[in-house]
Protein chains: 2
Amino acid sequence: MKRSTKQRSVISKVLATAGRPLNPQEVLEAGQHELPGLGIATVYRTLNLLADEHLIKVVDVPGQGSRYYEMANLAQHDHFFCQACHRVFDIAAPSQAQPPPVPEAFTVETTETVYSGRCPNCKAGTA
Amino acid sequence: MKRSTKQRSVISKVLATAGRPLNPQEVLEAGQHELPGLGIATVYRTLNLLADEHLIKVVDVPGQGSRYYEMANLAQHDHFFCQACHRVFDIAAPSQAQPPPVPEAFTVETTETVYSGRCPNCKAGTA
DNA sequence: AGCGGATTGATTCTGCATACTCATCACCAT
DNA sequence: ATGGTGATGAGTATGCAGAATCAATCCGCT
């Protein structure tokens, strides 16, 4: 990433203003609102570049094929996956300063808690 | 599932004695120790059948393509994913009776906490 | 403004997990 | 023991996320 192009700034802005993790498709659609010609290949490439530079980070959601991306400079938090609309939301993590309940023989590098169910939108819409 | 066949009992036994969640490949390999001719198609079919009958349940691990299966009659617990050997281990959950810190507007159906890092085996073996 | 190289976008390709197909085989009631 | 039917296994097909390709285009420096 040596040049600053319109598509890259748009993709960065989309992620910065989304307020929740987005997958490549969502990034594409949001980006196309500002830059109609934006292509999916560029989205994948740019997300990888931004992730390589640790400007964004990857959120893997169980049971979902595609990955989600969000800004890297966010406080520790959990995620909520809506089974209806397949969107991911940030959930403020409880002040759980306690170490993970994993036997010492294991080396824990990441802890990921994902709640899943229905978001307020889908809860209302679909019984 | 109307008949009880050798392959089905073997697959059930493999899951029951594994002590940790297994993916279809692991089930296949473990099952072939007891039933050399076992085929991957039968593993997938049988896992789906057992899951349909709620005898086993699916464990989705973030960042992993394939799914893991474990016995359904286990106490609530978390999972640990070894990034080196790609095996999943059960981790006794802390006695966190507290409700999830999710806004009330969300309906939580499942809570899944996955730790990832290195299991004792891989920790020792690979620096 | 001009130039060279990086970037883009449409398309194609790949890799993987899992479902399907179908001929053969095994379970189980008789 | 036998027969009918559900189950099996090898191979193939499918669906999808993401990577590779490549000609056309854009960025940034001079």
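The basis for the numbers below is simple: all heavy atoms, side chains too, and nothing from hydrogens, waters or symmetry mates. Lettering follows sequence order; numbering is per chain, from 1. As the structure is a computational prediction, the values presented were derived from the model and not from experiment.
- The distance from atom NZ of K6(B) to atom C1' of dC28(C) is 15 Å, rounded to the nearest whole Å.
- Judged purely by atom type and a 3.5 angstrom limit, T46(B) uses its side chain to pair as donor or acceptor with the backbone of T42(B).
- Between dG5(C), dG18(D), dG11(D), one nucleotide has an atom nearer to the side chain of A41(B) than all others, and that is dG11(D).
- Between G37(A) and P24(B), the one whose closest nucleotide on DNA chain C sits nearer the 5' end is G37(A).
- When each of Y44(B) and T5(B) is assigned the nucleotide of DNA chain C with its nearest heavy atom, Y44(B) is the one assigned upstream, toward the 5' end.
- Closest approach to the N48(A) side chain among dA19(D), dT5(D), dG9(D) is made by dA19(D) (side chain taken as heavy atoms from C-beta onward).
- No side-chain donor-acceptor contact under 3.5 Å links H86(A) and Q25(A).
- Note: CD1 (I40(B)) to C1' (dT18(C)) measures 9 Å, nearest angstrom.
- A sub-4.0 Å separation between OP1 or OP2 of dT7(C) and a side-chain N or O of R8(A) is present.
- Taking the charged nitrogens against the carboxylate oxygens, E34(A) and K13(A) do have a contact shorter than 4.0 Å, which makes a salt bridge.
- The side chain of S4(B) places an N or O atom within less than 4.0 Å of a non-bridging phosphate oxygen (OP1 or OP2) of dC28(C).
- Distance CG (L28(B)) to P (dT8(D)): 13 Å, rounded to an integer number of Å.
- Whole-Å rounding puts the D52(B) CG to dT18(C) C1' distance at 14 Å.
- If you measure from atom CG of N23(B) to atom C1' of dA17(C), you get 11 Å, rounded to the nearest angstrom.
- Between the CZ atom of R3(A) and the C1' atom of dT8(C) there is a distance of 11 Å, rounded to whole Å.
- Atom-to-atom, CG of L47(B) to C1' of dA17(C) comes out at 13 Å; the value is rounded to the nearest Å.
- Between the CG atom of L38(A) and the P atom of dG9(C) there is a distance of 5 Å, given to the nearest Å.
- When the side chains of ILVMFWY residues are joined at heavy-atom separations under 4.5 Å, either directly or via intervening members, I11(A) and I56(A) end up in a single hydrophobic cluster.
- Aromatic ring orientation, F89(B) versus F80(B): tilted (interplanar angle from 30° to 60°).
- The base of dG9(D) sits with one of its N or O atoms less than 3.5 Å from a complementary donor or acceptor on the side chain of R45(B).
- Between dA26(C) and Q7(B), no contact under 4.0 Å exists linking OP1 or OP2 to a side-chain N or O.
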